[in-house]
Protein chains: 2
Amino acid sequence: MDRDLVPFKKMIEDNGNKFTIQKRTILKTIMESSVHLNAKEIYEKVKGENIGLATVYRNLKEFQELGIVKELNVNGISYYEMKIFSKKPLHIHLKCYECDNIIDMDSSGIDIEYLKLNKMVEEKNNMEIFDIDIMFIGLCSRCKEERYGETNKV
Amino acid sequence: MDRDLVPFKKMIEDNGNKFTIQKRTILKTIMESSVHLNAKEIYEKVKGENIGLATVYRNLKEFQELGIVKELNVNGISYYEMKIFSKKPLHIHLKCYECDNIIDMDSSGIDIEYLKLNKMVEEKNNMEIFDIDIMFIGLCSRCKEERYGETNKV
DNA sequence: CTTGATGCAAAGGATTTGCACAAAT
DNA sequence: ATTTGTGCAAATCCTTTGCATCAAG
């Protein structure tokens, strides 16, 4: 088995569930994708291998409950990305107003600012924070250039 | 007409749309609610006044495009809150892991930190940011106390 | 073997759309 | 008058569920 999948196998089995071929295939699909996929898109990629749409949904839900994947909800549709063992502990996304894509953002250097924010909010509100979603709404670099023109740079 | 509604009337009419009784009623409903409402909940509150569900959806969409309301998507359902002319320019929410409520958070003092973050991200990624959604996932104060007990405070 | 997982199809729930009628400018 | 908005019901899209079968431990 793919070395990368071992920790997920353990997490799933520790929870009393079975690590099936379908789960392995779906996980690999998410891991190997450079963009965020929704259930249907995952299904389109794996349906040749005898996996039903319902199985994709069921497994995504299981993965999410186990903290293996993270769900991003955009316009009422759920997209998925790997959560743990990812290089980026903090997930910041930009939803482009123009092209509607969801873009992973470079969050290096932001983590420290975020931690400050996190702590401040926890103390102020007497809450406990497990996770955070930050979604910027704006123009991605490509659409920004299309709108203003590259020559208009200040 | 309610004094508070005047700017919305103007925004809607400036956009070439009509400011109908239904729109006024829906806006007032959102403004007067202390919690975030979804389309169905708004419909339940106004259906006695001869307003259809489809109208609620259509108008919410229009309000959102005009920047009058802001949509929060949680578990695949869209909830709405007033966006502009609100006391809080920055919308931070906590989705409670336990009771599933969406809670408005006190963001005073966070705004400045946010602005720094915003600027940093814009420059780093060559993007233009219009808006930001920050959603914390954690325990609200009530559920936190239920879980850990009030006596366990450090 | 026993239990959970699967595929399929049907059901469910949120949102959108087509259409004839009503209301706004 | 003309154009946009509306209510209703049907349609659509994403997601979940029931059930008979299959596969993992």
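Each chain gets a letter, A, B and so on, in the order its sequence line appears, and its residues count up from 1. Quick caveat, the model's predicted, so the values are computed rather than measured.
Using a 4.0 Å cut-off between charged nitrogen and carboxylate oxygen, A:E13 and A:K9 count as a salt-bridge pair. Between A:D133 and B:K95, none of the side-chain N atoms (NZ, or NE/NH1/NH2) sits under 4.0 Å from a carboxylate O, so this pair counts as no salt bridge.
We find that CG of B:L72 is positioned 16 Å from C1' of C:dA14, with the value rounded to whole Å. Nucleotide D:dT15 holds its C1' atom 11 Å from the CD1 atom of B:I77, rounded to whole Å. Rounded to an integer number of Å, the gap from CG of B:N15 to C1' of D:dT3 is 15 Å. To the nearest angstrom, P of C:dG13 lies 14 Å from CG of B:N38. At whole-Å resolution of the value, CG in B:N73 and C1' in D:dT15 are 13 Å apart. Between A:L60 atom CG and C:dA5 atom P there is a gap of 15 Å when expressed in whole angstrom units. The separation between A:N75 atom CG and D:dT15 atom C1' is 17 Å, rounded to whole Å. Distance A:Y57 OH to C:dG13 C1': 13 Å, rounded to the nearest Å.
In this model, the phosphate group of C:dA14 is approached by a side-chain N or O of B:K40 to a distance below 4.0 Å at OP1 or OP2. Side-chain nitrogen and oxygen atoms of B:N17 include at least one within less than 4.0 Å of the OP1 or OP2 phosphate oxygen of D:dG5. For C:dA5, the OP1/OP2 oxygens have a side-chain nitrogen or oxygen of A:K23 closer than 4.0 Å. Under 4.0 angstrom from either OP1 or OP2 of C:dA14 there lies no side-chain N or O belonging to B:S78. Listed pair A:N59 / C:dT6 meets the phosphate criterion, a side-chain N or O lying under 4.0 Å from OP1 or OP2. Distances shown here put a side-chain N or O of A:Q22 below 4.0 Å from the OP1 or OP2 atom of C:dG7.
Looking only at side-chain heavy atoms (C-beta outward), A:K18 and A:I12 stay at 4.5 Å or farther from each other. Between A:F63 and A:L27 there is a side-chain heavy-atom pair separated by less than 4.5 Å. Residues B:H36 and B:E41 are not in side-chain contact: their nearest non-hydrogen atoms beyond the backbone lie 4.5 Å or more apart. B:I68 is not listed as a side-chain neighbour of B:E62, based on a closest heavy-atom distance of 4.5 Å or more.
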Practice problem: Whenever both distances are under 3.5 Å in a Watson-Crick or G-U wobble pair, mark it; put DNA chain C into dot-bracket that way, with [ ] for crossing pairs and | when the partner is on another strand. | Solution: |||||||||||||||||||||||||
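In the region residues 41-51 of chain A, proximity to DNA chain C at under 4.0 angstrom, judged on heavy atoms, holds for A:N50, A:I51.
With DNA chain D read from its 5' end, the first of the two nearest nucleotides for B:G52 and B:G16 is the one closest to B:G16.
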Quiz item: Would B:S78 and B:E71 satisfy side chain to side chain donor-acceptor pair (under 3.5 Å), going step by step from the backbone distance to the final call?
Solution: CA-CA 6 Å; B:S78 293; B:E71 183 189 303; 3.1 Å; yes
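Nearest to the side chain of A:A54, among C:dA9, C:dT15, D:dC8, sits C:dA9.
Scanning both residues, A:I103 and A:C140, for their nearest heavy atoms gives CD1-CB, 3.3 Å. Listed here is the closest heavy atom pair of B:L94 and B:G138: CD1-N, 3.8 Å.
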Exercise. Mark up nucleotides 20-25 of chain D, 5' to 3', with B wherever a protein heavy atom is under 4.0 angstrom from a base atom, S wherever such an atom reaches only the sugar-phosphate, and - elsewhere.
Key: ----BS
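A:R58 contributes a side-chain N or O that forms a donor-acceptor pair with the base of C:dG7 under 3.5 Å.
A single hydrophobic cluster is seen to contain both A:Y43 and A:V35, as judged by linkage of ILVMFWY side chains at heavy-atom distances under 4.5 Å, directly or through other members.
A distance-only check finds a donor-acceptor pair linking the side chain of B:N38 to the backbone of B:K40 [under 3.5 Å]. The closest donor-acceptor contact from the side chain of B:T29 to the backbone of B:T25 lies under 3.5 Å.
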